A.B. asks: 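This is the structure, below, for whatever I ask next.
Being a predicted model, the structure only gives us computed values, none of them experimental. FYI, side chains are in, hydrogens and waters are out, and symmetry mates aren't considered; it's all heavy atoms of this structure.
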Amino acid sequence: MGRVVQERMVLTVELGIYFINHLLDNALKSATQCGFINNDVLTRFRGFGGVRIEDDISVTADGVELLTCVPRTVEEIEAFMEDQTPKAFSPISSQKL
């Protein structure tokens, strides 16, 4: 972001990783990039696609407040997916990161 973050701003933080075969193939052929890739590990994820995590945050005087309320750990996600009841989300109150 090319601006100063100020108190009371609300931002979306978007982290993601995508496994795009033609880009990965080019990186593996590159002398400067291939050293950063463990091809044995990469092979397990080819065909996976990718994942993106989005968090909404509010900038406070002493940090940030996380506004996104979703399961985060493997255990929380599996429990969430196992439960078939309708779910409603509400923001986490004043969680400091």
A.B. asks: Could you measure the distance from the CZ atom of Arg72 to the CD1 atom of Ile77? Nearest 0.5 Å is fine.
C.D. replies: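 Here the rounded value is 9.0 Å.
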A.B. asks: Do you reckon Val5 sits in the same ILVMFWY cluster as Val13, going by side-chain contacts under 4.5 Å, direct or chained?
C.D. replies: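 Per the 4.5 Å side-chain linkage, Val5 and Val13 are co-clustered.
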A.B. asks: Could you check whether any side-chain N or O of Ser30 sits under 3.5 Å from a backbone N or O of Asn26, counting only pairs where one atom can act as donor and the other as acceptor?
C.D. replies: no
A.B. asks: If you measure from CD on Glu65 to CD1 on Ile57, what distance do you get to the nearest 0.5 Å?
C.D. replies: 10.5 Å
A.B. asks: Say whether, by atom type as modelled, one donor and one acceptor occur between the side chain of Asn38 and the main chain of Val41 under 3.5 angstrom.
C.D. replies: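 A pair under 3.5 Å: yes.
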A.B. asks: Could you label the plane-to-plane angle of the Phe48 and Phe19 rings as parallel, tilted or perpendicular, counting under 30° as parallel and over 60° as perpendicular?
C.D. replies: perpendicular
A.B. asks: Quick check for you: to the nearest 0.5 Å, what is the distance between Glu14 atom CD and Ile53 atom CD1?
C.D. replies: 11.5 Å
A.B. asks: Test of understanding: clusters of I, L, V, M, F, W, Y form through side-chain heavy atoms closer than 4.5 Å, transitively. Do Tyr18 and Ile37 belong to the same one?
C.D. replies: no
A.B. asks: Once rounded to the nearest 0.5 Å, what's the spacing between atom CG of Asn21 and atom CG of Leu42?
C.D. replies: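 It comes to 8.0 Å.
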A.B. asks: Which heavy-atom pair separates Thr68 from Asp56 by the least distance, and what is that distance?
C.D. replies: OG1-N, 2.7 Å
A.B. asks: Indicate, with yes or no, if Val59 and Leu15 share a hydrophobic cluster defined by side-chain heavy-atom contacts under 4.5 Å among Ile, Leu, Val, Met, Phe, Trp and Tyr.
C.D. replies: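 Leu15 clusters together with Val59.
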A.B. asks: Where do Gln33 and Ala27 come nearest, in terms of heavy atoms and distance?
C.D. replies: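 Answer, listing the atom of Gln33 first, then Ala27: OE1-CA, 3.1 Å.
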A.B. asks: Do you know the tightest heavy-atom contact between Cys34 and Leu28?
C.D. replies: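 Closest approach of Cys34 to Leu28: CB-O, 3.4 Å.
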A.B. asks: If two hydrophobic side chains count as joined below 4.5 Å and joins carry through other members, does Leu66 share a cluster with Met9?
C.D. replies: yes
A.B. asks: Check whether any side-chain N or O of Glu82 sits under 3.5 Å from a backbone N or O of Glu78 as a donor-acceptor pair, and report yes or no.
C.D. replies: no
A.B. asks: Taking the side chain as everything from C-beta on, heavy atoms only, tell me whether Arg46 gets closer than 4.5 Å to Asp25.
C.D. replies: yes
